Amino acid sequence: AIYKSNSLLTIADSGASNNNLQSTFPFSGFAGFSLGGAQQNDLNFAIETIRSRDFFANLVSKYDIYHKLVASKSFRNNEIIYDENIFSKQSGWKIDQNGNSLKPSLEQGHTIYLKTIFLVEDVKTSYLKLGVEHHSPIFAKELNSLIVSELNQQARNKKINESNKALEFLNGELADRKSTRLNSSHQ
């Protein structure tokens, strides 16, 4: 059986009400409250980020999930059953007769990841539905939550970088104006 974990995401409106969740989580899971409208470029950022190889690489390097994603074949008694030809729960990744690991490459893992996740954008409501399908309902929910968490972190970092660039520009403009005023007052 394949299980699915869904999240309904929206872009937090930074100019909206006093909801502290908005400033903490730019992409909030839908929980029965409105977080305001979204801009198309923010939705595109979310979609492209989630699908990107860099995002996937960061996810699997930060969390111990790669084997759950690429080596699972079923789920029984609340446990993931792994493909014993490539992965053993006791000893990890199998080695072939030449001494090479049978661990799938990051590119192969990314391909599996893209087949595991589903993103559906509703342009009218500005919601983004994230679905994760997996043999394990526990891992489907775990991966869904990790994706949302990492997306929030990257969105926060993007906003911080944009704000820092704007501040640098404004500080440069201020310094130029001060310099111009000093030069004109000395003439």
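In what follows, every heavy atom counts, from backbone to side chain, and hydrogens, waters and symmetry copies are set aside. Here the structure is a predicted model, which means the values were calculated and not measured.
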Would you give the length of the straight line joining atom OG1 of Thr49 to atom CZ of Phe56, rounded to the nearest 0.5 angstrom? 15.5 Å

Please identify which of these residues, Val120, Thr10, Leu43, meets the side chain to side chain contact (heavy atoms under 4.5 Å, CB included) condition with Tyr127. Thr10

Shortest non-hydrogen contact between Tyr66 and Val60, atoms and distance: CD1-CG1, 3.7 Å

Tell me whether Lys4 forms a cation-pi arrangement with Phe118, defined as NZ or CZ under 6.0 Å from the six-membered ring centre and within 45 degrees of its axis. yes

Using modelled atom types and a 3.5 Å cut-off, is there a donor and acceptor pairing between side-chain atoms of Ser88 and backbone atoms of Glu84? no

Where Phe75 and Ile138 come nearest, the two heavy atoms and their spacing: CZ-CD1, 3.9 Å

Modelled atom types, side-chain donor and acceptor of His134 and Ser72, under 3.5 Å: yes

Can you list every pair that meets salt bridge (Lys or Arg N to Asp or Glu O under 4.0 Å) and has a residue in residues 52-68, with sequence neighbours left out? Lys62-Glu150, Lys68-Glu142

Which pair of non-hydrogen atoms, one from Asn6 and one from Gly131, has the smallest distance, and what is that distance? OD1-CA, 3.4 Å

A side-chain contact here means heavy atoms from C-beta on lying under 4.5 Å apart; do Gln154 and Phe55 qualify? yes

Would a hydrophobic clustering, with Ile, Leu, Val, Met, Phe, Trp and Tyr connected at side-chain separations under 4.5 Å, put Ile147 with Ile2? no

So the side chain to side chain donor-acceptor pair (under 3.5 Å) pairs with at least one residue in residues 97-106 (sequence neighbours excluded) are Ser105-Gln108

Go through the side-chain N and O atoms of Thr125 and Asp122 and say whether any donor and acceptor fall under 3.5 Å apart. yes

Listing, residues 160-175 side-chain donor-acceptor contacts under 3.5 Å, not counting sequence neighbours, or none:
| residue | atom | partner | partner atom | Å |
| --- | --- | --- | --- | --- |
| Asn161 | ND2 | Asn157 | O | 3.3 |
| Ser163 | OG | Lys159 | O | 3.0 |
| Asn164 | ND2 | Ile160 | O | 3.4 |
| Asn171 | ND2 | Leu167 | O | 3.3 |

Please round to the nearest 0.5 Å and tell me the distance separating atom CG of Asn144 and atom OG1 of Thr116. 12.0 Å

Quick one: CG on Asn85 to CG on Asp96, what's the gap to the nearest 0.5 Å? 12.5 Å

Between Leu128 and Ala46, which heavy-atom pair has the shortest distance, and what is it? CD2-CB, 3.9 Å

What distance do Ser74 atom OG and Tyr82 atom OH have between them, rounded to the nearest 0.5 Å? 10.5 Å

Restricting to non-hydrogen atoms, name the atom on His135 and the atom on Tyr3 that form the minimum distance, rounded to 0.1 Å. O-CD1, 3.0 Å

First locate atom CG of Leu119, then atom OG of Ser7, and finally report the distance between them rounded to the nearest 0.5 Å. 10.5 Å

Might you point out which heavy atoms bring Gly109 and Leu69 nearest each other, and give the distance in Å? O-CD2, 4.1 Å

May I ask whether Ile81 and Phe139 are part of the same hydrophobic cluster, defined by side-chain heavy atoms of I, L, V, M, F, W, Y residues being less than 4.5 angstrom apart, directly or through others? no

Same cluster or not: are Leu102 and Phe87 linked, directly or through other Ile, Leu, Val, Met, Phe, Trp or Tyr residues, by side-chain heavy atoms under 4.5 angstrom apart? yes

Hey, any chance Leu114 and Leu59 share a hydrophobic cluster, counting ILVMFWY side chains that come within less than 4.5 Å of each other, even indirectly? yes

More than 12 heavy atoms of other residues, nucleotides or ligands under 6.0 Å from NZ of Lys94: is that the case? yes

What is the distance from atom CD of Glu121 to atom CG of Leu9, rounded to the nearest 0.5 Å? 12.0 Å

Does the distance from a Lys or Arg side-chain N to an Asp or Glu carboxylate O, for Glu79 and Lys89, drop under 4.0 Å? yes

